[in-house]
There are 2 protein chains.
Amino acid sequence: MCRVEHQAGLATALRRGTLEFCVLALLSDGERYGVELVRELGAEIALTTSEGTLYPLLSRLRRVGWVTTSWRESPAGPPRRYYSLTPEGATALDHFRSEWTTFRDAVDRVVGTDRRS
Amino acid sequence: MCRVEHQAGLATALRRGTLEFCVLALLSDGERYGVELVRELGAEIALTTSEGTLYPLLSRLRRVGWVTTSWRESPAGPPRRYYSLTPEGATALDHFRSEWTTFRDAVDRVVGTDRRS
DNA sequence: ACATAGTACCTTGCGGCGCAAGGAACCTGT
DNA sequence: ACAGGTTCCTTGCGCCGCAAGGTACTATGT
């Protein structure tokens with residue numbers, strides 16, 4: 001089943017390579033735990049994702065040192081693992097912002113969605 | 001080697017799912033042949049890609065009926081396969097424009113690269 | 001005639017991400 | 001005890017972009 005053939009795949013493909021930086025951006029505003037991140041990303045329909053996506057993503061971020069984690073008690077339920085941004089993560093996020101704006105503007109020019117008309 | 005670890009991978013990941021619509025957008029302006037598309041995409045640094053990426057991509061577009069092709073003589077060199085947009089391709093491009101602007105704005109909000117303010 | 005360089009097309013194999021599906025563990029209320 | 005909510009995580013798959021390699025046609029130089 002070619003990705004190009006079904007509807008949902010388009011948005012999924014767009015999220016690729018962006019989602020992790022959206023997570024870093026959320027964390028730059030303060031630490032969060034996994035399910036909380038799923039919920040906050042879900043507030044933006046275009047960025048809605050699932051735990052099956054997020055947890056491996058968070059593992060990668062931890063492995064490369066862009067986030068650190070700490071376990072904390074939950075008021076109700078199992079303990080939560082809170083993620084917080086490291087300085088390296090903040091640097092990576094800055095770098096992404098630069099790459100993203102370049103990329104975004106290029107796509108806008110080519111497909112004709114530039115907001116300056 | 002984790003994608004997140006090396007520099008080039010960022011831009012590559014962003015291109016995912018967008019490149020094919022950039023191609024459609026170029027074709028909406030008139031038919032092109034393969035190498036020509038590589039060159040024109042190369043004009044946008046953020047969209048620069050190679051033939052190893054483009055030819056499989058073009059095959060997919062042809063398979064789903066978003067483009068049709070016709071062979072044409074070249075003034076110097078082997079014959080060229082020209083790609084042109086079908087009505088279905090134009091519809092898909094329109095649909096992408098809508099999805100793209102939604103996605104783009106969501107990312108801008110979350111990572112703080114919104115051009116407002 | 002032959003080699004070289006330029007043009008143009010295409011294929012193979014790999015790595016990585018996002019996802020669906022499933023599973024494990026902890027707490028609370030009945 | 002048990003059901004239901006919360007939270008964490010893993011496995012297997014599909015797909016795309018890429019590097020590398022391969023084929024074929026034309027023009028040019030010797």
Side-chain angles (χ1 to χ4, degrees), chain A residues 1-23 32-42 46-64 69-83 103, chain B residues 1-23 31-42 46-64 67 69-83 103:
Chain A
M1 197 107 59
C2 184
R3 204 227 77 220
V4 97
E5 290 172 13
H6 58 292
Q7 206 79 325
L10 209 169
T12 291
L14 289 177
R15 279 191 279 276
R16 282 204 168 229
T18 309
L19 214 45
E20 59 193 290
F21 296 100
C22 292
V23 168
R32 311 278 157 87
Y33 65 98
V35 172
E36 196 175 8
L37 286 167
V38 171
R39 276 198 297 261
E40 293 198 19
L41 287 171
L47 300 178
T48 302
T49 188
S50 69
E51 303 178 15
T53 296
L54 199 61
Y55 283 113
L57 187 158
L58 289 167
S59 292
R60 289 196 302 274
L61 295 181
R62 193 158 30 114
R63 203 163 54 239
V64 300
T69 69
S70 60
W71 287 95
R72 197 95 41 91
E73 293 295 318
S74 164
R80 298 166 173 169
R81 197 208 278 267
Y82 280 83
Y83 295 82
F103 173 76
Chain B
M1 196 107 61
C2 185
R3 203 229 77 220
V4 98
E5 290 172 12
H6 57 292
Q7 205 78 327
L10 208 168
T12 291
L14 289 177
R15 279 190 279 276
R16 280 208 166 223
T18 309
L19 213 44
E20 59 192 291
F21 296 101
C22 292
V23 168
E31 58 180 11
R32 311 277 157 86
Y33 64 99
V35 172
E36 197 176 6
L37 286 167
V38 172
R39 276 197 298 262
E40 293 195 21
L41 288 171
L47 300 178
T48 302
T49 189
S50 70
E51 302 178 15
T53 296
L54 200 62
Y55 283 114
L57 187 158
L58 289 167
S59 292
R60 289 196 302 273
L61 296 181
R62 192 156 33 111
R63 204 162 53 240
V64 299
V67 302
T69 68
S70 61
W71 287 95
R72 197 95 40 90
E73 293 294 320
S74 163
R80 298 166 173 170
R81 197 210 278 267
Y82 279 85
Y83 296 82
F103 172 76

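Every chain is numbered from 1 and lettered A, B, ... according to where its sequence line falls, protein lines coming before strand lines.
The side chain of A:Y33 contributes no N or O atom lying less than 4.0 Å from OP1 or OP2 of D:dC8. At the phosphate of C:dC10, OP1 or OP2 sits under 4.0 Å from a side-chain N or O atom of B:R81. Checking the phosphate oxygens (OP1, OP2) of D:dC18, a side-chain nitrogen or oxygen of B:T49 falls inside 4.0 Å. Of the side-chain N and O atoms in A:R80, none sit less than 4.0 angstrom from OP1 or OP2 of C:dA25. Listed pair A:R60 / C:dG18 meets the phosphate criterion, a side-chain N or O lying under 4.0 Å from OP1 or OP2.
Comparing D:dC18, D:dC8, C:dC10 by their closest approach to the side chain of B:T12 singles out D:dC18. Nearest nucleotide to the side chain of A:A76, out of D:dC8, C:dA8, C:dT28: C:dT28. Of the candidates C:dA8, D:dA19, C:dC10, C:dA8 carries the atom nearest the B:V35 side chain, counting heavy atoms from C-beta on. Nearest to the side-chain atoms of B:P78 among the listed nucleotides C:dT7, C:dC26, D:dC18 stands C:dT7.
Inter-residue side-chain proximity for B:F103 and A:T18 is flagged as met; some heavy-atom pair is nearer than 4.5 Å. In this structure, B:R39 and B:V35 have side chains that are in contact, with non-hydrogen atoms separated by less than 4.5 Å. Two residues are said to be in side-chain contact when any heavy atoms from C-beta on lie closer than 4.5 Å; A:L37 and A:L58 meet this criterion. Counting heavy atoms from C-beta outward, A:P75 and A:R80 have side chains that approach closer than 4.5 Å. Counting only heavy atoms from C-beta outward, the side chains of B:L41 and B:L54 approach each other to under 4.5 Å. Here the side chains of A:R81 and A:Y33 are not in contact, with every heavy-atom distance at 4.5 Å or above. Contact check for B:F21 versus A:L10: side-chain heavy atoms found under the 4.5 Å cut-off.
Between the P atom of D:dA24 and the CD atom of B:E51 lies a distance of 17 Å, rounded to the nearest Å. Between the CZ atom of B:F21 and the C1' atom of D:dG17 there is a distance of 15 Å, given to the nearest Å. D:dG17 atom P lies 15 Å from atom CG of B:L10, rounded to whole Å. With rounding to whole Å, B:L61 atom CG is found 14 Å from D:dG17 atom C1'. The interatomic distance linking B:R15 (CZ) with C:dG15 (C1') rounds to 16 Å, in whole Å. Here the C1' atom of nucleotide D:dC9 and the CZ atom of A:R63 are 14 Å apart, to the nearest Å. Distance B:L41 CG to D:dG17 C1': 13 Å, rounded to the nearest Å. Taking atom CD of residue B:E73 and atom P of nucleotide D:dA24, one finds them 17 Å apart after rounding to whole Å.
A heavy atom lying under 4.0 Å from DNA chain C marks the following residues of residues 52-59 of chain B, by number: B:G52, B:Y55, B:P56.
Nucleic acid contact for A:R39: sugar-phosphate only, since backbone atoms but no base atoms lie under 4.0 Å from a heavy atom of the residue.
Side-chain N or O atoms of B:R15 include one that pairs as donor or acceptor with a backbone N or O of B:A46 at under 3.5 Å.
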